[in-house]
Amino acid sequence: MPENEGFSYRERVGRDAEAMTVLAYLGRRYRHSSVLEWEARIEAGDVLVDARPVAHDLVLRRGQEIVWQRPPWVEPEAPLAFAVLYEDDDVIAVSKPAGLPTLPGANFLQHTLLHQVRRVAPEATAIHRLGRWTSGLVLFARHQAAPAELARQLRTREVLKRYRALASGDPSWNTLTIDEPIGPVPHALLGSVHAAADDGKPSVSRVEVLARRSGSFLCDVAITTGRPHQIRIHLAASGHPLVGDPLYGIGGRPLPATRAVPGDPGYLLHAAEAVVRHPRDGRELVLRCEPPPALALAFEADILVP
């Protein structure tokens, strides 16, 4: 596979990095690489501070700009095809396949939904994201005030999003509201991940069982808050983790001694619907994306819930 064009990652030095050496900060902040790897990049001139190569023992000051000039690399394979569900001068809604990251991160740059959408709409801005292995509807804004208005609706919880999921177990309920707070908890590999946490941010999910299967159930989950991995965490917190979820166990926290990370596959989760106000004229937009066959209500084994 061909290499991408490389990328320059930029950030401003904040209070947490002030008075640290550039090597110590990068090694602590970006644990995807070892301290020795960061030292080699600094010595090769790939790390700049205020546009200049530096020594690894440079002491940082607040407000300085750090740039890592990452050379071109071969990105992991990912499905790149997407479908346009709705489009006008202000909004684009598309269907993301499972396995395609929404935004750049880690080893993904061009193999992302954002890059693929911008090939046909260069001005597009993603309003929200889905996890790599979550399929379904993603909303993009374009032109002038549309991104700010749609972001405001998300921030003020005016956007209703509905997901389809396959969860484990046989719940004693048909509907359930889950309001477990979500925040960072320790993780052996990443330092921290989002999970159920008493001191986390308020989060609400409303679950409706659609059909029961052997050892699992199909459900719709409506949310207005959009915490990272909220549905995976909330269903696990209710005692019913998603079938095949490698990270979250009963209680909504990482499984004991797990090395799994949020981007690992195994579960079935699909963004099926979003209801928003059009950013230009305020009319209601109901955007839908049909679930994949494994999450559809057509299985002979389904016992439908009245």
Side-chain angles (χ1 to χ4, degrees), residues 76-86 92-108 111-117 126-140 154 159-168 178 180 182 190 193-196 203-208 210 216-238 240-249 252 254-255 260-276 287-297:
E77 292 188 17
L80 302 180
F82 66 93
V84 176
L85 304 170
Y86 174 88
I92 306 175
V94 305
S95 175
K96 183 186 85 68
L100 178 64
T102 305
L103 301 177
N107 285 318
F108 293 94
H111 290 185
T112 61
L113 182 64
L114 177 64
H115 183 83
Q116 301 307 311
V117 170
I127 299 303
H128 62 110
R129 72 171 71 189
L130 299 179
R132 180 183 175 190
W133 295 99
T134 301
S135 61
L137 192 151
V138 180
L139 187 62
F140 289 81
L154 281 171
V159 178
L160 175 64
K161 292 181 285 184
R162 179 175 59 83
Y163 290 73
R164 179 70 56 83
L166 183 66
S168 59
I178 307 169
E180 190 79 25
I182 293 175
L190 300 179
V193 294
H194 282 84
S203 312
V204 179
S205 302
R206 294 178 173 86
V207 185
E208 178 184 3
L210 302 177
S216 64
F217 63 97
L218 200 63
C219 60
D220 274 356
V221 186
I223 64 172
T224 52
T225 55
R227 309 303 178 202
H229 320 301
Q230 177 173 323
I231 293 170
R232 296 169 64 186
I233 293 167
H234 271 181
L235 281 167
S238 77
H240 301 281
L242 295 188
V243 172
D245 194 324
L247 177 58
Y248 295 107
L255 292 161
V261 297
D264 287 345
Y267 60 90
L268 289 172
L269 182 61
H270 178 80
E273 182 178 270
V275 182
V276 302
L287 306 167
R288 295 190 176 95
C289 182
E290 288 298 313
L295 292 175
L297 275 170

Do P241 and L255 touch side chain to side chain, with heavy atoms closer than 4.5 Å?
no
Taking Q230 for the side chain and V204 for the main chain, is one N or O donor matched with an acceptor at less than 3.5 Å?
yes
Using modelled atom types only, decide if a donor and an acceptor are shared between the side chain of R132 and the backbone of G99 within a distance under 3.5 Å.
yes
CD on E77 to CZ on F108, rounded to 0.5 Å
10.0 Å
Show the nearest heavy-atom pair for residues G252 and Y248, with the distance to one decimal.
O-CD2, 3.8 Å
Indicate yes or no for a side-chain donor-acceptor contact from H270 to the backbone of C289 under 3.5 Å, with no hydrogens or angles considered.
yes
Please check if the side chain of R227 supplies one atom and the backbone of I233 the other of a donor-acceptor pair under 3.5 Å.
no
So V207 and V221, do their side chains get closer than 4.5 Å, heavy atoms only?
yes
Please round to the nearest 0.5 Å and tell me the distance separating atom CG of L235 and atom CZ of F217.
6.0 Å
Closest heavy-atom contact between A126 and L114?
N-CD1, 4.4 Å
Main-chain N/O of A195 paired to H229 side chain as donor or acceptor, under 3.5 Å
no
So which atom in A93 and which in L139 form the shortest heavy-atom distance, rounded to 0.1 Å?
CB-CD1, 4.2 Å
Nearest-0.5 Å distance that lies between atom CG in L100 and atom CG in L80
6.5 Å
Output the distance between atom CZ (R232) and atom CG (L247), rounded to the nearest 0.5 Å.
5.5 Å
Grab the two heavy atoms, one from P246 and one from P265, that are nearest each other, plus how far apart they are.
CG-O, 3.4 Å
For the side chain of T102 and the backbone of L130, is there at least one donor-acceptor N/O pair under 3.5 Å apart?
yes
Any sub-3.5 Å donor-acceptor pair from R164's side-chain atoms to P291's backbone N or O?
no
If you take all heavy atoms of L85 and R288, which pair is closest and at what distance?
CD1-O, 3.7 Å
Minimum heavy-atom distance between S135 and A98, given as atom pair plus value
CB-N, 3.7 Å
Could you measure the distance from the OH atom of Y267 to the CD1 atom of I231? Nearest 0.5 Å is fine.
10.5 Å
With no hydrogens and no angle check, is any side-chain donor or acceptor of H234 less than 3.5 Å from a backbone partner on I182?
no
Side-chain contact test, heavy atoms from C-beta onward, threshold under 4.5 Å: evaluate it for T224 versus L160 and give yes or no.
yes
What is the distance from atom CG of L269 to atom OH of Y163, rounded to the nearest 0.5 Å?
7.0 Å
side-chain contact (heavy atoms from CB on, under 4.5 Å) evaluation trace for H128 with V138:
CA-CA 7 Å; H128 62 110; V138 180; 4.2 Å; yes
Minimum side-chain heavy-atom gap L295-L218 below 4.5 Å:
yes
